[in-house]
Amino acid sequence: INFNSNFDYDINANISNTADSLDGCITIYDSTIENLNFNINNGVCEDGLNIVRSEGNINKINILNSFKDGLDMDFSSIKINQIEVDESGNDCVDMSFGNYKIYSLNLNKCKDNAVSIGEKSNLISDNLNVKNSLNALAVKDSSKVYLKSLFSKNNNFCFKLYNKKQEFLGGELKLNKLVCDSKYTIDKNSYFKNNEF
């Protein structure tokens, strides 16, 4: 599935001026996915790709220059071989209320979190590579991440583990290898363990 917008927009502009009431440039809802590939360029919607209440597997997702979130997945159970996102006006990959297995993520220039996972979600991944973003990884609100390798370069934070919403607890991260050239934070409700695998 290929999506390309020729709309000329300012990634720093207020989204309400450009894409009012839009969710995903491509939205998959209540579906079963099998062996798909996505290429999304210049997504002017709130999410470049939005997957809601769906399950299945995806080969590769390439997202370039998203107005806000590159990929947003909610209430889903999804396996993905590879994700590459370059330049997002908010999160590069946002996950909530689901179970996600992603073999490899290469993320660059995410204005907020490269990966944000919350609302009691689970993520298993082998490789997370993040450059030039605000935060490489945010794990919050009773979510758990099992990660073999996190490579964080030129990000404000390598990871943040915290509780944001009152009805949830903190975040949990179990990690084997960490390469980090900045700092990380863990609040009192969260848990971090290195060399888990």
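For residues 124-146, the salt bridge (Lys or Arg N to Asp or Glu O under 4.0 Å) pairs, not counting sequence neighbours, are Asp126-Lys148.
Across every non-hydrogen atom of Leu36 and Ile58, the tightest pair is O-CG2, 3.3 Å. Summarising the geometry of Ser54 relative to Asp30, their closest heavy-atom pair is OG-N, 3.4 Å, with the distance given to 0.1 Å. Here the shortest heavy-atom pairing between Ile26 and Phe3 reads CD1-CB, 3.7 Å. Nearest heavy-atom pair across Asp181 and Lys153 is OD2-CA, 3.5 Å. Heavy-atom minimum distance, Asn108 versus Ser133: C-OG, 4.1 Å. The heavy-atom pair separating Asn42 from Ser5 by the smallest distance is O-CB, 3.1 Å.
For the pair Thr185 and Leu161, the minimum side-chain heavy-atom distance is 4.5 Å or more. Within the 4.5 Å cutoff, the side chain of Phe38 has no heavy atoms near those of the Lys60 side chain.
In terms of modelled atom types and a separation under 3.5 Å, the side chain of Ser142 and the main chain of Leu169 share a donor-acceptor contact. Formation of a donor-acceptor pair under 3.5 Å by the Ser121 side chain with backbone atoms of Phe97 is found in this model. Between the side chain of Ser76 and the backbone N or O of Arg53 there is at least one donor-acceptor pair closer than 3.5 Å. With hydrogens and angles ignored, the 3.5 Å screen pairs no side-chain donor or acceptor of Asn135 with any backbone N or O of Ala138.
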Assess whether salt bridge (charged side-chain N to carboxylate O under 4.0 Å, His left out) is satisfied between Lys165 and Glu119, documenting all intermediate values.
CA-CA 9 Å; Lys165 297 182 179 178; Glu119 290 86 27; 2.9 Å; yes

Criterion side chain to side chain donor-acceptor pair (under 3.5 Å) on Ser77 and Asn99, from CA distance to verdict:
CA-CA 5 Å; Ser77 181; Asn99 295 293; 5.2 Å; no

Val52 and Ile28: CA distance, side-chain angles, deciding distance, side-chain contact (heavy atoms from CB on, under 4.5 Å) verdict:
CA-CA 6 Å; Val52 183; Ile28 296 176; over 6 Å; no

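Looking only at atom types and distance, the side chain of Asn155 has no donor-acceptor partner in the side chain of Ser182 under 3.5 Å away.
Partners of Asn106 by side chain to side chain contact (heavy atoms under 4.5 Å, CB included), not counting sequence neighbours, listed by chain and number: Gln82, Glu84, Ser104, Asn129. Partners of Phe192 under the ring pair (Phe, Tyr, Trp, His ring centres under 6.0 Å) rule, at least two apart in sequence or in another chain, are Phe159, Tyr184.
Among Ile102, Leu71, Asp74, Ile51, the one residue that satisfies the side-chain contact (heavy atoms from CB on, under 4.5 Å) test with Met95 is Ile102.
Counting heavy-atom neighbours within 6.0 Å of Glu34 CD, excluding the residue itself, gives a total of 12 or less.
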